[in-house]
Colleague: 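Sharing a structure, written as structure tokens. Questions coming.
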Amino acid sequence: MMATLLEPEVRTARSDWPQVDLFGATIDVLRMSETLEIVQAWAAAPMARCRYVVTPNVDHTVLLHHRQDLRDAYHEASLVLADGWPVVVASRLVGKPLPERVPGSDLVPELMKSASPTKPLRVFLLGAASGVGERAARNIRSQWPGVDIVGVYSPPLGFEKDEEENNKILYMVEQTEPDILVVGLGAPKQELWVHANHKRLKAKVALCVGATIDFLAGEKARAPRWLQRLGLEWLHRMLSDPRRLVKRYAGDAWFFPGIVWREWRRGAVN
Ligand code: UDP
């Protein structure tokens with residue numbers, strides 16, 4: 001009895017830890033280690049509503065500024081985690097400091113690494129181009145025996161507007177009942193899709209994590225750690241796919257300072 005009393009309590013509700021209102025989102029003030037404990041607890045609990053996790057980077061903050069539908073999706077998320085260094089640095093500049101970045105593309109492998117073969121973590125990979133999910137599944141199985149990949153699916157382009165395709169995905173998830181649904185459909189599609197469907201999704205936790213399935217497959221390379229430590233992962237991403245990303249990052253670089261400035265002024269006035 002005593003031992004139970006002395007065990008640290010696992011915090012599982014959003015009211016159990018602090019948040020800050022920043023850049024149009026309510027971001028959880030959590031470190032990676034704390035986040036892992038929370039998601040592990042959710043994944044180990046009996047199946048209930050599907051909780052979902054979003055990870056804002058600079059591009060999300062700009063999208064949030066312009067899009068009510070994304071703000072709505074963020075509003076119902078069970079965790080909102082700062083994905084990139086620029087968001088963490090900006091949080092400190094405006095006096096609402098976040099302790100560290102908790103990128104989705106680190107959270108997913110950390111969760112997999114910590115899974116035990118005696119009680120495997122059941123994972124469904126949803127998203128990425130055709131064949132990529134299968135390659136990711138092979139790598140995951142050989143690297144982390146505590147992970148059971150129960151489903152892999154790459155939806156065709158435009159699937160979100162196709163009722164039949166949508167139902168097919170929901171059915172596949174329902175049949176496999178994953179602990180973790182890794183959703184890699186790009187932003188804001190993944191957040192909007194999960195928000196629209198989370199009440200029907202039979203998964204314990206959905207993680208909206210962009211290119212993570214590509215990283216796990218070895219299809220795209222993460223920035224080296226030293227570049228990540230310098231806060232320059234975004235530069236590596238941009239240079240690895242300049243045709244798609246230069247225009248986006250230029251737009252973000254134009255809007256983000258204004259968003260940070262307005263946030264700072266709001267703090268200075270209050
Ligand atoms: N993707 C997908 N279906 C779509 C659009 C994108 O599966 O309709 C996948 C794409 O193949 C890639 C990921 O979504 O694996 C995009 O991740 P990224 O983080 O690059 O997207 P971003 O959020 O930066 O747009």
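All values reported here derive from a predicted model rather than from experimental measurement. Both counts, for ligands and for their atoms, begin at 1 and track the order of listing.
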Colleague: Name the residues in contact with ligand 1, where contact means a heavy atom under 4.0 Å away: which are they?
Modeller: G127, A128, A129, L157, G184, L185, G186, A187, K189, G210, A211, D214, K220, R237, R244, R248
Colleague: Before we go on, tell me: are the rings of F256 and F23 under 6.0 Å apart, centre to centre?
Modeller: yes
Colleague: Before accepting this row, confirm whether a basic side-chain N of the pair R101/E233 lies closer than 4.0 Å to the acidic partner's carboxylate O.
Modeller: yes
Colleague: Is any NZ, NE, NH1 or NH2 atom of the basic residue among R11 and E34 found under 4.0 Å from an Asp or Glu carboxylate oxygen of the other?
Modeller: yes
Colleague: Parallel, tilted or perpendicular: which one describes the rings of W234 and Y249, with boundaries at 30° and 60°?
Modeller: tilted
Colleague: Are a donor atom and an acceptor atom from the side chains of N167 and R200 found within less than 3.5 Å of each other?
Modeller: yes
Colleague: Between D162 and E164 (side chain of the first, backbone of the second, donor and acceptor by atom type, cut-off under 3.5 Å), is there such a pair?
Modeller: yes
